[in-house]
Engineer: 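This is the structure I want to talk about, given as structure tokens.
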Protein chains: 2
Amino acid sequence: MARAGLTTERLIRAGAELADEVGFEHVTISALARRFGVKVASLYSHVKSSHDLKTGIALLALEELADRVADALAGRAGRDALAAFAAAYRDYAREHPGRYAAARFRLDPEAAAASAGGRHAQMTRAILRGYDIAEPDQTHAVRMLGSVFHGYVDLEMSGGFSHTAVDPDESWSWIVDSLDTLLRDRTTP
Amino acid sequence: MARAGLTTERLIRAGAELADEVGFEHVTISALARRFGVKVASLYSHVKSSHDLKTGIALLALEELADRVADALAGRAGRDALAAFAAAYRDYAREHPGRYAAARFRLDPEAAAASAGGRHAQMTRAILRGYDIAEPDQTHAVRMLGSVFHGYVDLEMSGGFSHTAVDPDESWSWIVDSLDTLLRDRTTP
DNA sequence: GCGATTTGCCTATATGTATTAGGCAATTAC
DNA sequence: GTAATTGCCTAATACATATAGGCAAATCGC
């Protein structure tokens with residue numbers, strides 16, 4: 001029998017694609033096995049469990065998202081950086097809804113430590129360098145930015161904004177603009 | 001054999017309690033049947049499916065949350081109303097994490113129409129009456145408030161803020177304060 | 001090249017959840 | 001008290017997770 005050439009890497013990549021197609025919550029070992037045309041048990045040589053697979057997809061998504069954000073931030077500061085960060089974040093979620101959901105998968109401590117979570121935190125703090133905000137306000141601001149961006153994307157993806165005619169793109173711009181003003185006013189000299 | 005006295009109402013209430021104990025994603029027909037000491041099939045006389053049960057819990061949570069927010073907003077305006085709204089929202093999520101997660105369950109259109117979703121939207125708009133913000137800015141502001149509050153609660157619940165020593169309560173106050181200032185500055189006379 | 005070892009995917013099996021069909025007993029209606 | 005109803009049951013199907021052990025293909029050692 002010809003071998004399918006399964007590897008942990010390939011399974012996680014295919015799992016990420018599957019997540020974007022059918023939703024992260026519907027990514028199963030069974031569906032992945034069907035996709036590769038192999039039996040379910042065969043996957044267990046490459047991933048320890050369903051949870052392990054999901055963790056792998058989550059780590060991949062966090063990495064990809066961090067790469068995009070890093071790219072977006074390169075050479076920008078202040079309002080520009082804020083807008084680029086916001087755009088990178090929202091675009092990723094819209095292009096890869098399943099991966100984005102995966103990035104929000106609750107990781108156990110070891111996985112979290114090995115994740116790109118630290119890069120994300122660093123980059124959010126980097127944005128604030130353009131605004132002169134000292135601790136502990138800086139941490140408050142980091143949390144606020146994370147909350148707005150994540151919250152907006154989450155509500156938008158779950159259809160929360162579809163009951164009003166107002167263009168979500170315009171709301172997004174308005175919000176980024178407002179946050180810029182807010183951070184500027186919060187400067188601690 | 002003695003009857004257990006199952007009703008749709010009781011199942012949904014027990015499901016909500018179960019959600020708070022083990023997480024909304026672990027609420028299953030099986031677990032609920034165990035809790036009542038009956039066989040799994042017995043529940044199907046009262047709920048159509050697992051999805052139906054989850055929808056019921058989601059509707060319950062939305063209703064409860066709307067009640068709390070309505071209570072908190074009564075007799076308040078401006079900054080007071082904003083702070084009360086924020087507190088009601090966050091407190092509910094912390095006291096009832098499973099129900100809160102349920103409130104974010106994607107409802108199908110019919111269920112959404114019958115839900116307290118409309119009340120939530122109305123109440124968020126009511127807060128903005130204290131700030132004189134005209135359309136379409138009002139919708140932008142509604143979306144921003146929803147995003148920040150939901151995003152913050154979601155990140156806090158998933159442990160996103162546990163890597164820094166800064167007290168989440170203080171960040172929350174700082175954010176509410178910032179939003180108040182922001183909305184005040186955005187007045188459209 | 002060719003035997004030996006490793007590795008990859010298989011079959012078989014056990015467990016848990018969701019769901020439907022149909023049965024019998026407890027409750028309620030008259 | 002009999003009859004209709006309702007509530008919970010057993011039984012059966014389908015699908016997902018997970019483990020154990022087998023056989024053949026790829027790879028290693030020479």
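Quick note on labels: first sequence line is chain A, next is B, and so on, each numbered from 1.
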Engineer: Is there a path from B:I127 to A:W174 through hydrophobic residues (I, L, V, M, F, W, Y) whose side chains come within less than 4.5 Å of each other?
Structural biologist: yes

Engineer: So, does A:S50 use its side chain to make a donor-acceptor pair with the main chain of A:I29 at under 3.5 Å?
Structural biologist: no

Engineer: Could you check how far NE2 of B:H26 sits from C1' of C:dG16, rounded to whole Å?
Structural biologist: 13 Å

Engineer: Does a donor on one side chain and an acceptor on the other come within less than 3.5 Å for A:T139 and A:R125?
Structural biologist: yes

Engineer: To the nearest Å, give me how far apart CG (B:L32) and C1' (C:dG16) are.
Structural biologist: 16 Å

Engineer: Would you kindly say whether A:S171 and B:R143 are connected by a side-chain donor-acceptor distance under 3.5 Å?
Structural biologist: yes

Engineer: Would a hydrophobic clustering, with Ile, Leu, Val, Met, Phe, Trp and Tyr connected at side-chain separations under 4.5 Å, put A:L60 with A:Y100?
Structural biologist: no

Engineer: Does A:V166 share a hydrophobic cluster with A:F161, counting links as ILVMFWY side-chain heavy atoms below 4.5 Å and allowing steps through other members?
Structural biologist: no

Engineer: Does OP1 or OP2 of C:dC10 have a side-chain N or O of A:S42 closer than 4.0 Å?
Structural biologist: yes

Engineer: Could you go over nucleotides 17-21 of chain C and give all protein N or O partners under 3.5 Å, atom names and distances?
Structural biologist:
unit_1 : atom_1 : unit_2 : atom_2 : d
C:dT17 : OP1    : B:R34  : NH2    : 3.2
C:dT17 : OP2    : B:R34  : NH1    : 3.3
C:dA18 : OP2    : B:I29  : N      : 3.1
C:dA18 : OP2    : B:S30  : N      : 3.0
C:dA18 : OP2    : B:S30  : OG     : 3.1
C:dT19 : OP2    : B:Y44  : OH     : 3.2
C:dT19 : OP2    : B:S50  : N      : 2.6

Engineer: For the backbone of A:A72 and the side chain of A:R76, can you confirm whether one donor and one acceptor N or O come within less than 3.5 Å of each other?
Structural biologist: yes

Engineer: Could you state the atom-to-atom distance from NZ of B:K39 to P of D:dT10 in whole Å?
Structural biologist: 5 Å

Engineer: Rounded to the nearest Å, what distance is computed from the CG atom of residue B:L6 to the P atom of nucleotide D:dC8?
Structural biologist: 4 Å

Engineer: Dot-bracket notation for DNA chain C is requested: 5' to 3', Watson-Crick or G-U wobble pairs only, both distances under 3.5 Å, with ( ), [ ], | and . as defined.
Structural biologist: ||||||||||||||||||||||||||||||

Engineer: For A:D108, enumerate each residue passing the side chain to side chain contact (heavy atoms under 4.5 Å, CB included) test, keeping only those at least two apart in sequence or located in another chain.
Structural biologist: A:H51, A:E110, A:A111

